[in-house]
**Student:** 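Structure provided below as structure tokens; questions to follow.
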Amino acid sequence: MKKEQLVAKLGGAWADLQASYAGLTDAQMTEPGVTGDWSVKDILAHVTAWEQEAIKFLPVILEGGRPPRYSVTYGGIDAFNARTVEQKRDVPLEEVLREMEDTHRRLMAYVRDAPDEEITHETRFRRRLGWDSYKHYPQHAKAIREWRARVEAEGKA
């Protein structure tokens, strides 16, 4: 895969995630129950946390290091997810959205500047990037769309 292809894949998955919540009101964005007790806002804070993890640990991978194990550091990925969402629970929606956009811009810039050899082949770098971004976004976009369909069917939309 060429870098331009990866950037396009990342951009397409990101645009699809954004489309999944486009047009929702602030009240809808903060309504719990989209995934478990998470709201759309919580999901976006979660996605941001994983992009921040990518920004933090992709350089470690490039240097030949290994990121910490989530099972050891946080008690598992589920515990990490719960912790990061809870940290943003009382943060205003506008701030969560602003942080999300800023983080995504930084991740895209980092990917554009990454060594080509880390992208053109299946590497630890590219695997981690995928897990934290373009392979991650679709599951949340799907959950948001399914929630929207349920809410609409119930006549709440």
Side-chain angles (χ1 to χ4, degrees), residues 1-24 29-30 34-36 38-89 91-149:
M1 177 181 303
K2 293 183 178 179
K3 189 181 287 187
E4 307 81 50
Q5 292 170 307
L6 181 66
V7 167
K9 180 182 249 188
L10 231 168
W14 183 254
D16 186 59
L17 175 64
Q18 291 178 306
S20 74
Y21 63 87
L24 292 176
M29 293 282 286
T30 57
V34 179
T35 298
W38 287 6
S39 65
V40 172
K41 178 189 130 185
D42 295 331
I43 290 170
L44 300 180
H46 161 79
V47 166
T48 300
W50 281 106
E51 284 195 336
Q52 290 168 340
E53 290 293 286
I55 292 167
K56 186 182 340 177
F57 292 120
L58 287 172
V60 171
I61 292 169
L62 282 180
E63 294 170 5
R66 294 213 176 264
R69 297 184 61 84
Y70 291 88
S71 59
V72 174
T73 307
Y74 299 102
I77 288 177
D78 290 342
F80 172 81
N81 288 339
R83 179 176 167 222
T84 57
V85 168
E86 191 54 41
Q87 288 172 338
K88 299 295 180 179
R89 186 69 36 103
V91 174
L93 173 63
E94 302 78 37
E95 189 174 324
V96 168
L97 292 172
R98 189 172 35 257
E99 182 179 18
M100 180 186 75
E101 292 297 332
D102 177 61
T103 299
H104 186 70
R105 265 192 302 281
R106 289 187 301 125
L107 178 63
M108 292 299 289
Y110 185 79
V111 169
R112 284 186 189 98
D113 291 341
D116 287 344
E117 62 272 10
E118 293 295 330
I119 291 170
T120 56
H121 300 90
E122 186 60 33
T123 61
R124 288 177 50 230
F125 178 94
R126 200 169 93 190
R127 276 192 302 276
R128 178 65 192 245
L129 176 63
W131 294 334
D132 292 349
S133 64
Y134 62 88
K135 292 180 181 179
H136 186 210
Y137 312 147
Q139 70 188 42
H140 295 299
K142 180 180 181 219
I144 293 167
R145 284 190 175 92
E146 288 172 353
W147 171 78
R148 288 181 86 158

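Just so you know, these numbers come straight off a predicted model, no measurement behind them.
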**Student:** What distance do Glu53 atom CD and Leu58 atom CG have between them, rounded to the nearest 0.5 Å?
**Tutor:** 10.5 Å

**Student:** Indicate yes or no: at least one non-hydrogen side-chain atom of Pro67 is less than 4.5 angstrom from one of Arg124.
**Tutor:** yes

**Student:** So Tyr70 and Tyr74, would you call those rings parallel, tilted or perpendicular, with 30° and 60° as cut-offs?
**Tutor:** parallel

**Student:** Given side chains that start at C-beta, do those of Val7 and Ile119 come closer than 4.5 Å, heavy atoms only?
**Tutor:** no

**Student:** Taking atom CZ of Arg127 and atom CG of Asp132, what is their separation to the nearest 0.5 Å?
**Tutor:** 13.0 Å

**Student:** From Leu10 CG over to Gln5 CD, what is the distance, rounded to the nearest 0.5 angstrom?
**Tutor:** 13.0 Å

**Student:** What are the two closest heavy atoms between Pro59 and Ala54, and how far apart are they?
**Tutor:** CD-O, 4.1 Å

**Student:** Using every non-hydrogen atom in the two residues, find where Leu97 and Met29 come nearest and quote the distance to one decimal.
**Tutor:** CD2-CE, 4.1 Å

**Student:** More than 12 heavy atoms of other residues, nucleotides or ligands under 6.0 Å from NZ of Lys142: yes or no?
**Tutor:** no

**Student:** Are the side chains of Tyr21 and Ile43 in contact, using a 4.5 Å heavy-atom criterion?
**Tutor:** no

**Student:** Return yes if some donor-acceptor pair links the side-chain N/O of Glu118 with the main-chain N/O of Pro115 below 3.5 Å, else return no.
**Tutor:** no

**Student:** For the residue pair Ala19 and Arg145, what are the closest heavy atoms and their distance?
**Tutor:** CB-NH2, 3.8 Å

**Student:** Sequence neighbours excluded, which residues qualify as side-chain hydrogen bond (donor to acceptor under 3.5 Å, both in side chains) partners of Trp50?
**Tutor:** Asn81

**Student:** Between Tyr110 and Glu51, is any side-chain donor less than 3.5 angstrom from a side-chain acceptor?
**Tutor:** no

**Student:** Arg148 versus Leu24: any side-chain heavy-atom pair under 4.5 Å?
**Tutor:** yes

**Student:** Is it true that, when you exclude Arg83 itself, more than 12 heavy atoms of the residues, nucleotides or ligands shown sit nearer than 6.0 Å to its CZ?
**Tutor:** no

**Student:** Locate the shortest heavy-atom distance separating Leu107 from Ile55; write the atom from each residue and the value.
**Tutor:** N-CD1, 3.7 Å

**Student:** For Pro138 and Tyr134, which heavy atoms make the closest approach, and how far apart are they?
**Tutor:** CD-O, 3.1 Å

**Student:** Looking at every heavy atom in both Arg66 and Val60, which two are closest together, and how far apart are they?
**Tutor:** N-CG1, 3.8 Å

**Student:** Hey, are the side chains of Phe80 and Thr73 touching, using non-hydrogen atoms and a 4.5 Å cut-off?
**Tutor:** no

**Student:** Between the side chain of Lys88 and the main-chain N/O of Lys41, is any donor-acceptor distance below 3.5 Å?
**Tutor:** no

**Student:** Just how far is it from atom CD of Gln52 to atom OG1 of Thr48, taken to the nearest 0.5 Å?
**Tutor:** 6.0 Å

**Student:** Should the pair Asp42-Arg89 be classified as a salt bridge under the 4.0 Å nitrogen-to-oxygen rule?
**Tutor:** yes

**Student:** Does the Lys3 side chain pair with the main chain of Thr120, one donor and one acceptor, at a distance under 3.5 Å?
**Tutor:** no

**Student:** Enter the distance from Leu62:CG to Arg128:CZ here, rounded to the nearest 0.5 Å.
**Tutor:** 12.5 Å

**Student:** Please evaluate residues Arg98 and Glu95 with respect to the criterion side-chain contact (heavy atoms from CB on, under 4.5 Å), reporting the C-alpha separation (whole Å), side-chain torsions for both, the decisive distance (0.1 Å), and the verdict.
**Tutor:** CA-CA 5 Å; Arg98 189 172 35 257; Glu95 189 174 324; 3.9 Å; yes

**Student:** Looking at CD of Glu146 and OG1 of Thr35, how far apart are the two atoms once the value is rounded to the nearest 0.5 Å?
**Tutor:** 8.5 Å

**Student:** Under a 4.5 Å cut-off applied to non-hydrogen side-chain atoms, are Trp14 and Ser133 in contact?
**Tutor:** no

**Student:** State, with a plain yes or no, whether a side-chain heavy atom of Arg126 is found less than 4.5 Å away from one of His121.
**Tutor:** no

